[in-house]
Structure formats: structure tokens, C-alpha cells
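Encoded as C-alpha cells, the structure appears first; notes follow it.
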Amino acid sequence: MEKRAYKERIIYQIYPLSFKDSNNDGYGDLKGIIEKLDYLKDLGIGMIWLSPIYASPLKDNGYDISDYYKINPLFGTMDDFDTLIKEAKKRDIKIVMDLVINHTSDQHLWFQEALKNKDSKYRNYYYFRKGNGKKPPNNWNSAFSGSCWERVPNEENMYYLHLFTKEQPDLNYHNEEVIKEVENILKFYLDKGVAGFRCDVINQIYKTSLDNGKFSLFSRGREHYENQEGNFKILERFRKDVLDNYDDVFLVGETSALTPKIGQEYIDRRALDMFFEFDHAFCKSFKLIPIFKKPFYKPKDLFKPIFKWQKEVSWIGAYLENHDQLRSVSRFGNENKFYKESAKALSLFLLSLKGTIFLYEGEEIGTLNYKNLTYEETNDCMAKNAVDSAMKILHVSKNRAFKWVNNTVNRDHARAPFEWDDSINGGFNDGHKPWLKINEHYKEINVKNEENDANSILNFYKQMIKFRNNSETLKYGNFKEVSSNNYVAKFLRKTDKESLLIVVNLSKKFFKDKKLDESKEILISNYNNHEKNLLKPFEAIIYKIK
């Protein structure tokens, strides 16, 4: 297997708004990230993925970009970004940018010019279409609920397309000039020394047609824009025109509605180097109506989709949480009696998988969901839209709708300011009210406490990351599922020189296994006192097969 930096290094996602506020204005910033580079180096991180730091009105927290060549003043300046790259390089840490090119902000100069002048060339940068009588041009849904068409002010029966919020108009990749604009953006940041891009909703950028979609309660029209042949060709062109001119850079795609066959095609055609799947992200909720939890979840519901992708594609971005998901310990672990054990078990499980490992800020200290977040305190536009939709469609109260949404899809749980210590605002800043409230558990769950506790979740992550960074088997070995039941999974990572058996119990149950320790050497475990041939609740072990 070809050795590449992105295959060997742990990638740590930073949500800049929430990581570290250096100037006490309530918002995390680039100088705050620079302050904490030594922490990330000590953790064992090799790359940092930055959620969007571009100029933006923040209608969707930076995923609505108004200028790709400017840094949002909340985060700092372009000089600060250059300093971040320079300081990270000193510590052998690479920077990965979030590339949002399905849409721009409606405040972007291109879109503003398109609105002002119907004859402007920028009108063809987006999808402007006449309505169908008194209806929008087609029946497509927005991913954030409602129609994905918005009326153009002061123009009779004219609409523009937005697959997400109305403030995020979609770019038109049938236009050659749009493709060239994006290639120039890629070159600009690659010339600065970034190592690659995480590509937001990248398998939706090409709309083959604007025909009506098949009937569906949600995401109607997706057969016309997800994983289209035109999508592959545009990404192949980015590779040929731009990426191939730089050493060891990569693209990782956020790709919904994917099958292993299509995912492998993205890799085989070098359209993407890897991608994120989302099957396991919905394993505790109903995929078509994700605001509802399944009442019958078992750990096998997590193992099964992850193992499917491990077996059927050559490389993948492996993760348990990110800025769009609830906290993994709150979802798949145990917040109470087995809090530390379950957080460590999830760590060992994730860091033993095939692919590039993505950690999200706070995951390494076992950060949990909020306990008492209210609708009024919620910032997430998707969560609020989901509440509105549930109220309209299901005829329930706001309180009932918010309870469903908050427990399943409210992204603010992962966006709470980072807990550095037990001082005011968890050390996120010097006391100014943060943009999103501090998680209630910051007095107990924070970096300072865990650095001073040899048995902490943080120190176990350091141990596991060091183990993986030094293990050719975990970085490049084959994956083979050995067995799994409702609660326990066993899988092999294997090279010609070594075989590692990983055993993970993600339940509160004890399991006896007479052959568990037979002819095996324990290399790492999340329990200090493993009992022979017995798996304790949330126990996870890496064995070397003798």
C-alpha cells in the first residue's frame, strides 16, 4: 500500500469558534489555536482540520462563505493564518482546510452582483430559474426543511436554488468559470502550504438536471444531484489541474447517501482520497426521520455499519464524532457508572480501525452533551428548522419538538466551548460571555484535571495515539471481522509480520470467554486489572497473537 502522510497521521478537527478565545471577545480564534499547538503536539496529533475560517455572516457558522480569500475578523487575519501554518510546521503538524464549494453565502460578491444585474455574468454562477406558474421551478426539498427555492426580491416569478439555507445559494458547475474560480481557491491555499481539504457535501455539487424529484418526505430531488457522473468528472479535473502539481496533498469528502461501491469508485478514480460515511451516525435514530431515537439500540448497531465499510472499501475517514454529531460517549458509551471505561473503550475501538483517524476537539477528554440546553440557548440553524418542521408536520408543541431534536440532531452539543480548566468559562477565555454557553460539566471534565490524573481519559488517548503512531499494523494492516454479537466485537488488523486482535465490549454486561486470553499477549487495555478470560463492562483490549 502506498504510504502517504494522510494515512499515517491522526487528524484533529478544530471548530475555531469554540476552541480557544485569545482576545476575550467570546469567540475562538486563530491566535487561540496557535497558543494550544504544543498541547496538540503532546497529544500526538499530526494534522489539524479547521472548520471554516473564511469571511462569513455566520448564518450557518461559517459554512456560508462571503469571501474565500479573506479570514473572518472574528478569527483574526490572513497574517494570523500564515503564522498558524508556520508554527504548526515547526511542530510537524499539517493544516487541512474546510472547502465549502457547493454553495456560497448570499452575501458573496458573486451573488450580490447576480441579484443587482440580471445581465451580469455572475447570474450564471448560480441557478436562477422562472417559477412553474405560482410554484417554484421544481419540487425539491432543502436539507434544512422546506423548499430549496427562494424568490428573488423585486423580480416576478424568479427563484434561486439552495440545497441548504436560503442564505446559501448553490453554485452552478455547468459554468466553466465557476470551475476555474474554485481551482484558483485551491491553488491559493495549497501555495500557502496546506496539506489538503475536507470537502463539504462534495458529492452534491453537480446537478445533472432540475427535473422534479421522486416522492420523498425529505431531500426530494436527490437523484438529480447526488453522486452524479458530472460530480466525478469535476473532482477528477481538480486533481489533474491542481492537486497533482503539489506533493502529498489530499481530499476527504463529506458524502451522504453513499454505497461502498460508489465510495470505492471515488477512490479508484482519484476523485477523492477518502470520504466519510454516515451509516453509523444514524445507528441510534431512524435515518429517514432522525429526530426520533430507536428504542431498541444495541452496540451491534454501531459495529455493523462501521465493519461493512471497513471490509468493502480500501480507505476511509474513520470517526465517531464531529461538529455535526452528538458527543460519542453520550451516544455510545455510559455517562454515569462506566463513564471513564466507556470513553476509553470508544477510544481504543476508533484508533484500531483501518483508515485515517479523525478526532474531534474535546473527544480526547470525554466531553459529554449538554445536560440542560434550552431552545432559547440553541444556536444551530438546522436544529431550529427541525423544531419548526416537527411542529408543523406532527402538530406538537415547541417543547416536545425541541426535546426530540435536542436528543438526536442538535449540533450545538458538539460545539460548546472547549474545557481547558476549571476556571471561569472553562479557560476558554478570561470571562467574556462566550458565543455558546459553557458546558455544565467543565469543573470536572477539563484538560487540566485530566493531565494531572494518570488514569484519565486524556492520558489513555495519549497512550492509544502513541501506540497507533508507532504501529505499522494499525496504520496499514488489513481489516478482518472475527465475530460480533449484540454487545461485543472482535476484529483483526494484520500484516505479514504481525496480527493484532481487538476485542471491544460496549455494554454494561460481563462476558466469560474461556479462549479470550489463549495464546495471546495483551498490548493495551482500558482496564488496569484485566481478569483472565473475562470481559468487564466496556472493556477493550488489543492483543498480539503469538
Side-chain angles (χ1 to χ4, degrees), residues 1-12 43-47 92 94 248 250 252 260 263-264 267 273-277 280 302-320 343-359 363-364 459-484 488-506 513 515-527 530 535 538-546:
M1 182 180 288
E2 181 187 13
K3 294 196 173 185
R4 299 281 299 278
Y6 72 82
K7 292 183 175 181
E8 300 193 350
R9 296 173 178 236
I10 308 294
I11 301 182
Y12 185 95
L43 183 59
I45 298 305
M47 293 190 185
D92 193 28
K94 298 176 181 288
D248 206 9
F250 69 97
V252 53
Q264 190 60 46
I267 294 174
D273 294 288
M274 58 179 155
F275 53 84
F276 299 124
E277 57 82 16
H280 77 278
L302 175 66
F303 298 142
K304 185 176 179 180
I306 287 178
F307 289 173
K308 177 184 76 173
W309 290 93
Q310 288 282 300
K311 290 184 283 190
E312 297 185 31
V313 299
S314 59
W315 203 260
I316 196 165
Y319 71 98
L320 289 179
K344 293 177 184 181
L346 290 168
S347 168
L348 189 146
F349 175 61
L350 173 62
L351 285 154
S352 299
L353 293 174
K354 180 181 75 176
T356 299
I357 305 301
F358 286 78
L359 298 180
E363 187 173 358
E364 76 277 17
N459 281 314
F460 186 79
Y461 264 91
K462 289 180 181 180
Q463 182 185 359
M464 266 306 305
I465 291 171
K466 182 178 180 180
F467 184 85
R468 185 182 177 95
N469 284 343
N470 292 322
S471 172
E472 288 294 302
T473 305
L474 289 187
K475 286 188 285 191
Y476 287 109
N478 294 325
F479 174 94
K480 181 180 179 181
E481 182 179 3
V482 175
S483 66
S484 59
V488 178
K490 299 178 182 180
F491 58 95
L492 284 171
R493 299 298 313 283
K494 187 175 182 179
T495 64
D496 292 338
K497 297 179 179 180
E498 184 180 52
S499 291
L500 301 180
L501 174 67
I502 292 86
V503 182
V504 181
N505 175 16
L506 289 185
D513 185 342
K515 297 182 179 181
L516 185 63
D517 299 298
E518 195 174 272
S519 301
K520 303 178 189 74
E521 174 191 354
I522 293 179
L523 298 181
I524 188 168
S525 169
N526 67 328
Y527 271 77
H530 170 71
L535 269 183
F538 291 98
E539 185 167 13
I541 305 169
I542 298 178
Y543 291 98
K544 182 175 182 178
I545 297 178
K546 296 180 182 178

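Every value quoted in this text rests on a predicted model; they were computed, and no experiment measured them.
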Trp315 and Tyr476 aromatic ring geometry - parallel, tilted or perpendicular at 30°/60° bounds: tilted
Shortest non-hydrogen contact between Glu363 and Leu350, atoms and distance: OE2-CD2, 3.6 Å
Side chain to side chain contact (heavy atoms under 4.5 Å, CB included) assessment of Ile10 paired with Leu351: CA-CA 9 Å; Ile10 308 294; Leu351 285 154; 3.8 Å; yes
From CA spacing to verdict: side chain to side chain contact (heavy atoms under 4.5 Å, CB included), Leu535, Asp513: CA-CA 8 Å; Leu535 269 183; Asp513 185 342; over 6 Å; no
Stepwise side chain to side chain contact (heavy atoms under 4.5 Å, CB included) test for Thr356 and Met47: CA-CA 11 Å; Thr356 299; Met47 293 190 185; over 6 Å; no
Closest contact, heavy atoms only, Pro305 versus Trp309: O-CD1, 3.0 Å
Partner residues of Lys515 under the salt bridge (Lys or Arg N to Asp or Glu O under 4.0 Å) criterion, sequence neighbours left out: none
Check: Glu277 main-chain N/O paired with Tyr319 side-chain donor or acceptor under 3.5 Å: yes
Atom of Ala540, atom of Ala345 and distance for their closest heavy-atom approach: CB-CA, 3.9 Å
Gap between atom CG of Asn478 and atom CZ of Arg493 - 0.5 Å precision: 8.0 Å
Residue pairs fulfilling side-chain hydrogen bond (donor to acceptor under 3.5 Å, both in side chains) with at least one residue in residues 344-353, sequence neighbours excluded: Lys344-Asn455
Shortest non-hydrogen separation from Val313 to Pro260 and the atoms involved: CG1-O, 3.6 Å
Mutual orientation of the aromatic rings belonging to Phe307 and Phe479 [parallel < 30°, tilted 30-60°, perpendicular > 60°]: tilted
Student check: side-chain heavy atoms of Leu516 and His530 closer than 4.5 Å: yes
Straight-line distance of Tyr543 OH to Leu500 CG, nearest 0.5 Å: 13.0 Å
Side chain proximity check, Ile316 to Ile267, heavy atoms < 4.5 angstrom: no
Spacing of CG belonging to Leu474 relative to CD1 belonging to Ile502, to within rounding of 0.5 Å: 6.0 Å
Presence of salt bridge, Asp248 and Lys94, under 4.0 angstrom: no
Between CG on residue Leu43 and CG on residue Asn459, distance to nearest 0.5 Å: 10.0 Å
Minimum-distance pair of heavy atoms, taken over all atoms of Leu359 and Ile45: CD1-CD1, 4.4 Å
Whether over 12 other heavy atoms sit under 6.0 Å from Lys480 NZ: no
Distance-minimising heavy-atom pair for His280 and Leu320: NE2-CA, 4.3 Å
Tyr6 and Val252, any side-chain heavy atoms less than 4.5 Å apart: no
Heavy atoms from other residues, nucleotides or ligands near NZ of Lys7 exceed 12 (cutoff 6.0 Å): yes
From CA spacing to verdict: side chain to side chain contact (heavy atoms under 4.5 Å, CB included), Tyr527, Ile541: CA-CA 8 Å; Tyr527 271 77; Ile541 305 169; over 6 Å; no
Lys304 atom NZ: more than 12 heavy-atom contacts under 6.0 Å: no
Side chain to side chain, Asp92 and Arg9, heavy atoms closer than 4.5 Å: yes
Residues which pass salt bridge (Lys or Arg N to Asp or Glu O under 4.0 Å) with Glu481, listed by chain and number, not counting sequence neighbours: Lys311
Atom pair NZ/CD of Lys354 and Gln310 - distance to nearest 0.5 Å: 6.0 Å
Reported CZ-to-CG distance for the pair Phe460 and Asn526, which is rounded to 0.5 angstrom: 5.0 Å
Side-chain donor/acceptor of Gln264 to backbone N/O of Ser314, under 3.5 Å: yes
Ring center gap for Phe303 and Phe491 short of 6.0 angstrom: no
Pairwise side-chain contact, Met464 with Glu364, heavy-atom cut-off 4.5 Å (strictly under): no
Within 6.0 Å of CG in Asn470, more than 12 heavy atoms from elsewhere: yes
Glu498 vs Thr495 side-chain heavy atoms within contact, under 4.5 Å: yes
